[in-house]
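Read through the structure below, which is laid out as structure tokens, and then see the notes.
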Amino acid sequence: MKRQIPLALVFFFGVLMIIQYFVPHEASEWTFEFLMDWIYIIGIFALALGIWSLVKVSWDKIRLRRENWQYAIVTLLGLVAMICFGFDYFRNVFNAAGLQNFMFRHFFDYIMIPIQSTMFSLLAFFIASASYRAFRARSLLASLLLLAALIVMIRFNPYFGPLTAYLEQTASWLLNVPNLAAKRAIVIGVGLGMVATALKVILGIERAYLGKD
Amino acid sequence: MNIFERMMSVDRRWVFLFLALVCVLTYKVDFEVEVRVTDEVRKIYNFIDTLKPGDYIFVAIDYDPNSLAELHPMTYAIVEQAWRKNMKIVFTALSQNGPGMADQAIRDISDSLKLVKTYNGITYPTRDIVNGIDYIFLGYKPYPALVIAGMGQNFRLPFPTDYYGTPLDSLPMMRGIQNYNQMKCVIDISGTSGIDMWIAYGQTRYGFPLALGLTGVMAADYYPYLNSGQVFGMMGGILGAAQYEKLADNAGSALDMMRIQLYAHMVIILFIIIGNIGFLVSRRAKNQ
């Protein structure tokens with residue numbers, strides 16, 4: 001029973017959703033709405049689990065004075081502060097309630113945005129270093145890759161004068177022909193793979209998601 | 001270790017330092033870089049430009065602050081163009097930090113519209129942008145595939161209220177607006193795989209015209225959809241944003257960043273060439 005009930009549920013709802021997708025009827029729309037609400041409810045449990053996990057891991061780190069435990073304090077303070085400002089527990093600190101709250105917006109604009117932008121901008125340095133070491137003309141294929149990368153990178157460089165137009169055309173051809181062919185093959189392959197996997201799950205052939213017990 | 005072997009193994013800290021110097025210098029020294037406009041960007045501009053006042057467009061701001069530098073300029077240029085032409089916009093933000101980005105963009109662009117500006121020879125008067133009349137911001141909901149599919153039936157399904165908690169039915173702009181059928185197009189500006197969901201669950205199912213704004217590294221992945229007609233236009237990275245700013249005659253941070261990107265690319269190319277000269281000469285010497 002422990003395995004049969006989940007398998008039956010997956011089969012039933014899998015087939016139901018396939019039929020629902022292709023039937024433009026009021027009942028079908030109602031089913032979709034109803035099941036969508038269920039997914040959100042399940043998601044809320046996942047959110048609660050995520051918050052609990054974050055608090056527990058951070059608290060244990062502080063309690064046991066693990067390496068870099070001080071950062072865990074910042075994590076917890078950030079979590080509490082954003083929840084309190086967002087839900088207005090401090091009752092309008094610096095006016096405007098909820099998501100328009102002054103502190104909520106300023107925490108996002110002046111802490112979150114610079115932090116994430118800085119982290120991502122570091123990528124440029126790692127890309128520069130990685131491309132210097134990786135782009136070597138070791139073989140014919142590597143040389144072709146190197147050449148293609150260089151053309152795409154310099155395609156809009158205005159300092160190449162009349163060559164720019166040719167570079168642009170070549171880059172456009174590279175993106176629209178070889179790149180397109182490869183990507184399309186991958187997309188179609190992945191799509192077929194997804195359909196096959198979904199069918200295997202719905203029909204109970206693929207049971208890994210049930211776990212080992 | 002001879003000079004060619006040294007060329008092959010430059011310490012990465014030198015690469016970092018040189019790149020940082022070039023970025024700072026080009027940021028400080030102000031000069032213009034010529035930007036050539038591609039068809040895929042021009043199609044988006046022309047599409048928006050031919051819409052009438054009062055038309056509705058849908059703008060999905062599906063990016064976090066990490067892709068802000070590349071994607072924010074696209075949002076700013078497109079939304080300002082649409083609002084200057086008195087169009088109405090439905091916003092969503094289906095990435096976790098997207099609501100903050102959308103909220104910031106709406107505030108900044110609303111402020112910009114308080115100034116008289118001239119774009120492409122047309123002078124636009126000042127105007128106040130009002131929530132519920134000129135735009136509606138639906139906010140964030142998890143599971144983008146479900147939200148996109150749900151909005152195809154009715155915006156009220158996934159979003160009974162807007163981001164600020166106001167019921168959709170009480171907003172004047174939403175009278176008679178049900179789903180994508182009333183939108184002239186959907187523009188997804190995204191730094192996430194949410195684009196795939198807009199294509200699979202939105203465009204394919206509901207058939208609306210879809211345009212994309214995406215980060216530079218993602219652009220190559222979406223050419224198949226451009227070629228198949230599922231996507232009618234595409235802006236890739238700072239370059240795409242700069243092209244749009246040029247077309248809209250609204251110079252913003254993307255056109256400004258082009259000179260930094262151009263010289264940063266030239267530094268990367270220079271190091272690649274140095275590394276390859278070292279590699280090829282060393283290999284020849286070893287073979288002899």
Side-chain angles (χ1 to χ4, degrees), chain A residues 21 29 32-33 35-36 39-40 43-44 46-47 98-100 104-105 108-109 112-121 123-133 135-138 146 149-150 152-159 164-165 168 172 175-176 179-181 183-184 186-188 191, chain B residues 8-10 12 15-16 18-20 23 33-36 38 64-69 97 99-101 103-104 139 141-143 146-147 149-150 153-154 157-158 163-165 205 219-228 239 258 262 264-269 271-272 274-276 279-280 283:
Chain A
Y21 186 88
E29 281 188 22
F32 180 78
E33 281 172 42
L35 291 173
M36 205 163 80
I39 290 170
Y40 288 131
I44 288 164
L47 179 73
L99 299 171
Q100 287 175 304
F104 186 80
R105 272 183 168 167
F108 187 83
D109 287 356
M112 191 72 180
I113 290 178
I115 286 173
Q116 282 205 356
S117 302
T118 306
M119 287 302 292
F120 204 69
S121 63
L123 201 63
F125 293 91
F126 291 114
I127 286 174
S129 165
S131 52
Y132 160 67
R133 278 175 285 135
F135 277 138
R136 294 277 156 86
R138 287 191 174 88
L146 174 64
L150 287 178
V152 172
M153 276 176 87
I154 59 175
R155 71 191 192 278
F156 284 105
N157 194 319
Y159 303 134
T164 308
E168 202 183 315
S172 177
L175 287 167
N176 280 299
N179 168 63
L180 183 89
K183 287 287 173 194
R184 192 168 280 174
I186 292 167
V187 168
I188 292 170
Chain B
M8 270 176 69
S9 52
V10 176
R12 65 179 186 166
V15 181
F16 294 163
F18 202 61
L19 189 64
C23 287
V33 170
E34 188 198 336
V35 174
R36 298 158 77 94
T38 54
D64 292 344
N66 50 22
S67 3
L68 165 147
N97 288 315
M101 307 310 306
D103 192 43
Q104 189 189 56
K141 272 276 166 78
Y143 308 110
L146 291 173
V147 177
Q153 297 184 19
N154 196 323
L157 278 183
Y163 178 65
Y164 310 105
R205 189 168 180 179
D221 289 344
Y222 291 90
Y223 272 87
Y225 302 107
L226 191 68
N227 205 270
S228 66
L239 182 63
M258 274 305 290
L262 178 72
H265 280 182
M266 281 161 71
V267 167
I268 295 171
I269 291 167
F271 274 106
I272 291 172
I274 288 172
N276 275 284
F279 172 72
L280 292 171
R283 191 169 67 174

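Lettering follows sequence order; numbering is per chain, from 1.
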With a 4.5 Å cut-off on heavy-atom pairs, point out which of [options] contacts chain A the most.
options	result
B/Leu68, B/Val33, B/Leu239	B/Leu239
B/Thr38, B/Val15, B/Val10, B/Ile274	B/Val10
B/Leu146, B/Asn66, B/Asp64	B/Asn66
B/Ala264, B/Pro99, B/Gly150	B/Gly150

Taking the side chain as every heavy atom from C-beta outward, state whether [X] and [Y] have any atom pair closer than 4.5 Å.
X	Y	answer
B/Asp103	A/Phe108	no
A/Arg184	B/Asn227	yes
B/Tyr223	A/Lys183	no
B/Leu262	A/Tyr159	yes
A/Ser131	B/Ile269	no
B/Glu34	A/Thr164	no
B/Asn97	A/Gln116	yes
B/Val35	A/Phe156	no

Give me the atom names and distance for the closest heavy-atom approach of A/Ala128 to B/Ile268.
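Taking A/Ala128 first and B/Ile268 second, the nearest heavy atoms are CB-CG1, 3.7 Å.
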
Between A/Glu29 and B/Gln153 the two heavy atoms that sit nearest each other are CG-OE1, 3.2 Å

Most chain B-contacting option - heavy-atom pairs closer than 4.5 Å, from A/Asn179, A/Ile186, A/Ile127, A/Ile115
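Ranked by heavy-atom pairs under 4.5 Å with chain B, first place is A/Asn179.
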
Does any backbone or side-chain atom of [X] lie under 4.5 Å from a heavy atom of chain B? Answer side chain, backbone, both or neither.
X	answer
A/Tyr21	both
A/Leu47	neither
A/Phe125	both
A/Arg133	side chain
A/Asn157	both
A/Met119	neither
A/Ala165	both

If only atom types and distance count, is the side chain of [X] paired as donor or acceptor with the main-chain N or O of [Y] below 3.5 Å?
X	Y	result
A/Tyr132	B/Ser9	yes
A/Arg136	B/Met8	yes
A/Ser117	B/Pro65	yes
B/Asn276	A/Phe135	yes

Is [X] in contact with chain A via its backbone, its side chain, both, or neither, using a 4.5 Å heavy-atom distance?
X	answer
B/Leu226	neither
B/Met266	side chain
B/Tyr222	neither
B/Ala20	both
B/Ala220	both
B/Arg205	both
B/Ala149	both
B/Leu19	both

B/Lys141 to A/Tyr40 six-membered ring, cation-pi geometry met (6.0 Å, 45°)
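Yes, a cation-pi geometry holds between B/Lys141 and A/Tyr40.
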
Hey, can you tell me if A/Phe126 and B/Phe16 have their rings parallel, tilted or perpendicular (30° and 60° cut-offs)?
perpendicular

